[in-house]
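Atom set for the values below is all heavy atoms of this structure, side chains included, hydrogens, waters and symmetry mates excluded. All residue numbers refer to positions in the sequence shown, counting from 1.
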Amino acid sequence: MEAKQLSPRSVHITTFGCQMNTYDSSRIMAICEELGFVSEADPSKADLILINTCSVREKPVHKVYSVLGSFKHLKRKNPGLILGVAGCVAQQEGKKLLDQVPYLDLVMGPKAIEDLPELLQDAASGKRRSHTPNTNPILGLKAAVTRQPGLKAMVTVMQGCDNFCSYCVVPYVRGREKSRPADAVLEEVAALTAGGAREITLLGQNVNSYRDPESGAGFAELLAVVARVPDLWRLRFTTSHPKDLSPSLIEAMRDIPQLMSLLHLPAQSGSDRILKAMNRGYTRAGYLERVARLKKEVPDAALGGDMIVGFPGEDEADFQLSMELVRQARYDFLHSFIYSDRPFAKARKMEPKIGDKVKKRRLAELQDLQRDISLELHTAQVGKMEEVLVEGSAKKGQGLVTGRTRAGRAVNFAGGPELVGSLVQVEITEGRINSLMARQVDQGGST
């Protein structure tokens with residue numbers, strides 16, 4: 001077989017899924033750049049196409065196969081094109097992807113990113129490979145993103161999950177929990193801030209269970225140390241599991257100036273019966289007690305959540321308990337999903353399954369409720385003075401810039417590109433469902 005040529009080296013990366021996948025794509029791009037590749041936004045012009053995938057829900061898996069199908073004609077036009085699938089679908093499907101997609105060259109699980117150079121060498125010589133190791137590597141300095149960061153950057157502090165929620169595939173495709181050494185986290189954060197990043201998000205499937213493998217220090221202690229990195233203006237984290245949310249973490253949110261007043265705390269259900277079937281490890285009352293503690297200690301905090309509707313066996317009473325929990329928690333934002341069976345997850349064998357019509361109706365009701373709550377909360381911000389980190393031009397509205405408050409709320413206001421990357425004082429003038437409108441004020445409070 002004639003060897004495929006890697007030159008000129010251009011790579012297109014398509015990313016689906018969570019922030020962890022976005023971070024992984026940055027790691028993949030950094031490795032590609034070390035190998036001499038340059039980024040290419042147009043896949044039709046690329047010599048290497050990598051699809052970084054998500055398998056948490058059903059639709060993203062279907063999307064992967066759809067995207068692969070759309071690239072088939074590119075492979076036909078350019079036989080030297082290398083086409084690969086990375087991420088959780090790669091880990092889940094493995095060699096099956098190679099069998100079903102004959103023009104696919106490589107399959108790489110999320111635990112195999114550091115092996116990308118070897119996989120590309122094999123692909124260039126015509127050897128198709130599926131590489132999906134089961135063990136998470138410890139992310140040391142080698143994993144640090146070496147590309148020039150933007151204003152905001154992400155840093156992984158741990159990988160995997162030990163919770164085995166019955167609907168979730170993460171422990172199977174991402175592996176068991178493995179925390180990254182605090183020194184490696186600090187070194188990467190320092191490198192990013194030295195390169196211009198001013199807001200850092202610390203990532204993990206369950207950051208609350210982080211433990212420094214060398215000192216045993218927990219996540220709140222890591223936050224305190226990271227917050228002292230020079231030129232770091234803002235620090236945030238995701239995701240938190242409610243059963244592991246400690247008083248010390250809430251106190252850190254209260255006491256560390258750089259730490260943003262934002263907590264994403266997925267509930268998934270408001271019914272104790274369903275929470276038990278989900279293997280979530282907490283009760284409705286326990287969840288709401290944690291929310292109450294957060295709002296007492298950090299009154300200006302914005303709370304986000306996740307909710308699944310249509311879990312096997314969820315009856316109307318269970319669903320109404322979820323609706324009531326949303327009313328009590330009063331989320332600023334809520335990610336809501338229809339349950340779907342996932343490979344490996346225990347819930348796929350649970351009965352009875354809920355019909356699509358019922359699931360869609362419940363999701364619509366839940367989302368209608370959340371829109372009302374978001375609008376109420378955001379309208380209540382009118383008149384408040386906020387510090388906004390300006391991120392760029394607003395997507396809608398000529399002459400507007402956009403940024404976020406310390407609670408992570410999106411704000412749009414009149415301004416020019418010279419404001420990007422700066423902290424600006426604004427007064428909130430209007431609350432909308434997904435954002436706020438504001439006017440810029442000087443330190444004296446005038447326009």
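Using a 4.5 Å heavy-atom cutoff, the side chains of Ser340 and Tyr167 are not in contact. Between Lys152 and Arg198 the shortest side-chain heavy-atom distance does not fall below 4.5 Å. Residues Leu97 and Lys95 have side chains not in contact (no heavy-atom distance under 4.5 Å, counting atoms from C-beta outward). A heavy-atom distance below 4.5 Å is found between the side chains of Ile13 and Met29. For the pair Val207/Val157, a side-chain contact is recorded, criterion being any heavy-atom separation below 4.5 Å from C-beta on. Put simply, the side chain of Gln440 does not reach to within 4.5 Å of the side chain of Glu427, judged on heavy atoms. Arg404 has its side chain out of reach of Glu386: every pair of non-hydrogen atoms, C-beta onward, lies at least 4.5 Å apart.
Taking the six-membered ring where the residue is Trp, Phe164 and Tyr172 present perpendicular rings, their angle passing 60° and hence far from 30°.
When all heavy atoms of Arg236 and Leu262 are compared, the pair lying nearest together is NH2-CD2, 2.9 Å. The two residues Leu192 and Met154 have their closest heavy-atom pair at CD1-O, 4.3 Å. Among all heavy-atom pairs drawn from Arg180 and Val155, the shortest one is NH1-CG1, 3.6 Å. The minimum heavy-atom distance between Arg211 and Asn208, with the atom names listed, is NH1-O, 4.2 Å.
Using a cut-off of 4.0 Å between Lys/Arg side-chain N and Asp/Glu carboxylate O, Glu40 and Lys45 are scored as not salt-bridged.
Counting non-hydrogen atoms of neighbouring residues, nucleotides and ligands closer than 6.0 angstrom, the CD atom of Glu418 exceeds 12 such neighbours.
By the side-chain contact (heavy atoms from CB on, under 4.5 Å) test, Val67 is found to be paired with Phe16, Ile51, Lys63, Ser70, Phe71, residues two or more places apart in sequence or in another chain being considered.
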